[in-house]
Amino acid sequence: MPGCKDCAAPWAAIPPATPTCPRRSSGDDPYRLSPSVRCDWNRFLQLAERALPLGPAGLPDLERALALVRGRPFRGRPLPWAEPYQQEMITRIIDVTHTVATYRTPAGPHHDLSAARQAVATGLDVDDAAELLYRDWMRIEAVAGNRQGLHTAVTHVQQVNRALDCSLELATEQLVNDLLNGSSAAVRI
């Protein structure tokens with residue numbers, strides 16, 4: 001009988017793989033996933049929940065959590081059972097995105113505008129109508145002295161709101177006015 005080349009054990013000695021969806025004992029038993037099944041969302045939550053209470057010291061874990069995000073959860077239009085999960089995921093991703101941008105934008109030991117921009121881009125890929133993230137993006141470009149980038153952020157949020165047939169939030173309107181008219185107080189987060 002052939003054996004495993006790494007351990008020289010016969011095939012019969014290798015235990016079968018644990019099924020990812022074990023058999024139910026009866027038709028009334030719910031379907032369950034094996035405890036060995038992992039997903040990026042669980043890892044995202046672990047990283048975010050550990051990092052958020054730490055303030056700026058949690059930035060590495062927050063950025064690792066955002067690195068797991070690959071666009072809008074459940075892509076497109078989810079099935080009805082997934083809608084509440086999708087909304088929770090979007091909300092948490094936006095929260096982490098905003099937190100990273102908040103810590104990375106101001107001058108100081110955590111200042112990193114590239115990391116702030118990357119976080120905002122990830123968040124907007126998840127929800128392109130999140131005005132909070134557009135305000136973060138505007139502040140980033142204002143701090144960078146990038147007037148063209150500021151105009152790009154303003155144009156994007158205006159286009160999204162036009163497509164949704166809604167007005168800008170008051171906080172967004174005020175920030176746009178302050179930043180375009182040179183108010184340094186507007187950059188504060």
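In this text the structure is predicted, and so the values were computed from the model without any measurement.
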* Asked: Is Arg135 salt-bridged to Glu169, going by a charged N under 4.0 Å from an acidic O?
  -> yes
* **Path from Trp41 to Tyr85 over hydrophobic side-chain contacts below 4.5 Å** => yes
* Structure fact -> Applied to residues 67-76, the salt bridge (Lys or Arg N to Asp or Glu O under 4.0 Å) test, sequence neighbours excluded, yields none
* Over all atoms of both residues, closest heavy-atom pair of Leu168 and Glu173 -> O-OE2, 3.4 Å
* Taking only Lys NZ, Arg NE, NH1 and NH2, and the carboxylate oxygens of Asp or Glu, determine whether Arg43 and Asp40 approach each other closer than 4.0 Å. => no
* To do: Specify the closest pair of heavy atoms between Leu179 and Ala142, including all atoms of both residues, with the distance to one decimal.
  => CD2-CB, 3.6 Å
* List the atom of Leu66, the atom of Val100, and the distance in Å for their closest heavy-atom pair. => CD1-CG2, 4.0 Å
* To do: For the pair Tyr103 and Asp112, evaluate side chain to side chain contact (heavy atoms under 4.5 Å, CB included) and give the outcome as yes or no after the intermediate values.
  => CA-CA 9 Å; Tyr103 292 144; Asp112 184 339; over 6 Å; no
* **Side chain Asp165, main chain Arg162, donor-acceptor under 3.5 Å** => no
* Is any side-chain heavy atom of Gln174 closer than 4.5 Å to a side-chain heavy atom of Leu170? -> no
* Are Leu47 and Leu68 close enough, and set up right, to give a side chain to side chain contact (heavy atoms under 4.5 Å, CB included), and what steps lead you there? -> CA-CA 10 Å; Leu47 290 165; Leu68 297 170; 4.1 Å; yes
* Side-chain heavy atoms of Glu141 within contact of Arg117, under 4.5 Å -> yes
* To do: Check the pair Glu131 / Asn161 against side chain to side chain contact (heavy atoms under 4.5 Å, CB included), numbers first and verdict last.
  => CA-CA 9 Å; Glu131 279 193 45; Asn161 280 24; 2.8 Å; yes
* Asked: Same hydrophobic cluster for Ile90 and Leu79, using side-chain heavy-atom links shorter than 4.5 Å among ILVMFWY?
  -> yes
* Asked: Are side-chain heavy atoms of Arg92 and Glu49 found at a separation under 4.5 Å?
  -> yes
* Nearest non-hydrogen partners of Trp137 and Ala153, listed with the distance -> CD2-CB, 3.4 Å
* Any luck finding a side-chain donor-acceptor pair between Thr91 and Gln87 under 3.5 Å? -> yes
* To do: Please say which of His111, His110, Glu63 ends up in a side chain to side chain donor-acceptor pair (under 3.5 Å) with Arg104.
  => Glu63
* **Leu150 side, atom CG; Met138 side, atom CE - distance, nearest 0.5 Å** => 7.5 Å
* Asked: Do any N or O atoms from the side chain of Asn181 and from the backbone of Asn177 form a donor-acceptor pair under 3.5 angstrom?
  -> yes
* Asked: Got Phe74 and Met89 here, is their nearest side-chain heavy-atom distance under 4.5 Å?
  -> yes
* Hey, quick one: are Ile94 and Leu164 part of the same hydrophobic cluster, counting side-chain heavy atoms closer than 4.5 Å, chains of contacts allowed? -> yes
* To do: Would you check if the side chain of Tyr134 reaches a backbone N or O of Asp128 as a donor-acceptor pair within less than 3.5 Å?
  => yes
* Search all heavy atoms of Gly123 against all heavy atoms of Thr97 and return the closest pair with its distance. => CA-OG1, 3.6 Å
* **Side-chain heavy-atom pair Leu52, Asp95 within 4.5 angstrom cut-off** => yes
* Asked: Strictly by modelled atom types, are Gln46 and Asp61 linked by a side-chain donor-acceptor pair under 3.5 Å?
  -> no
* Hphob cluster co-occupancy, Leu45 + Leu54, side-chain heavy atoms under 4.5 angstrom -> no
* Structure fact -> Minimal heavy-atom distance between Ala48 and Pro53, with the atoms involved, is O-CD, 4.4 Å
* Taking the side chain as every heavy atom from C-beta outward, state whether Thr102 and Thr99 have any pair of such atoms under 4.5 Å apart. => no
* Could you tell me which residues satisfy side-chain contact (heavy atoms from CB on, under 4.5 Å) with Ala121, sequence neighbours excluded, listed by chain and number? => none
* Roughly how far, to the nearest 0.5 Å, is the OG1 atom of Thr152 from the CG atom of Asn146? -> 7.5 Å
* Under 3.5 Å, is there a donor-acceptor pair between the side chain of Arg147 and the main chain of Leu180? -> yes
* Donor on one side chain, acceptor on other, Gln118 and Ser114, under 3.5 Å -> no
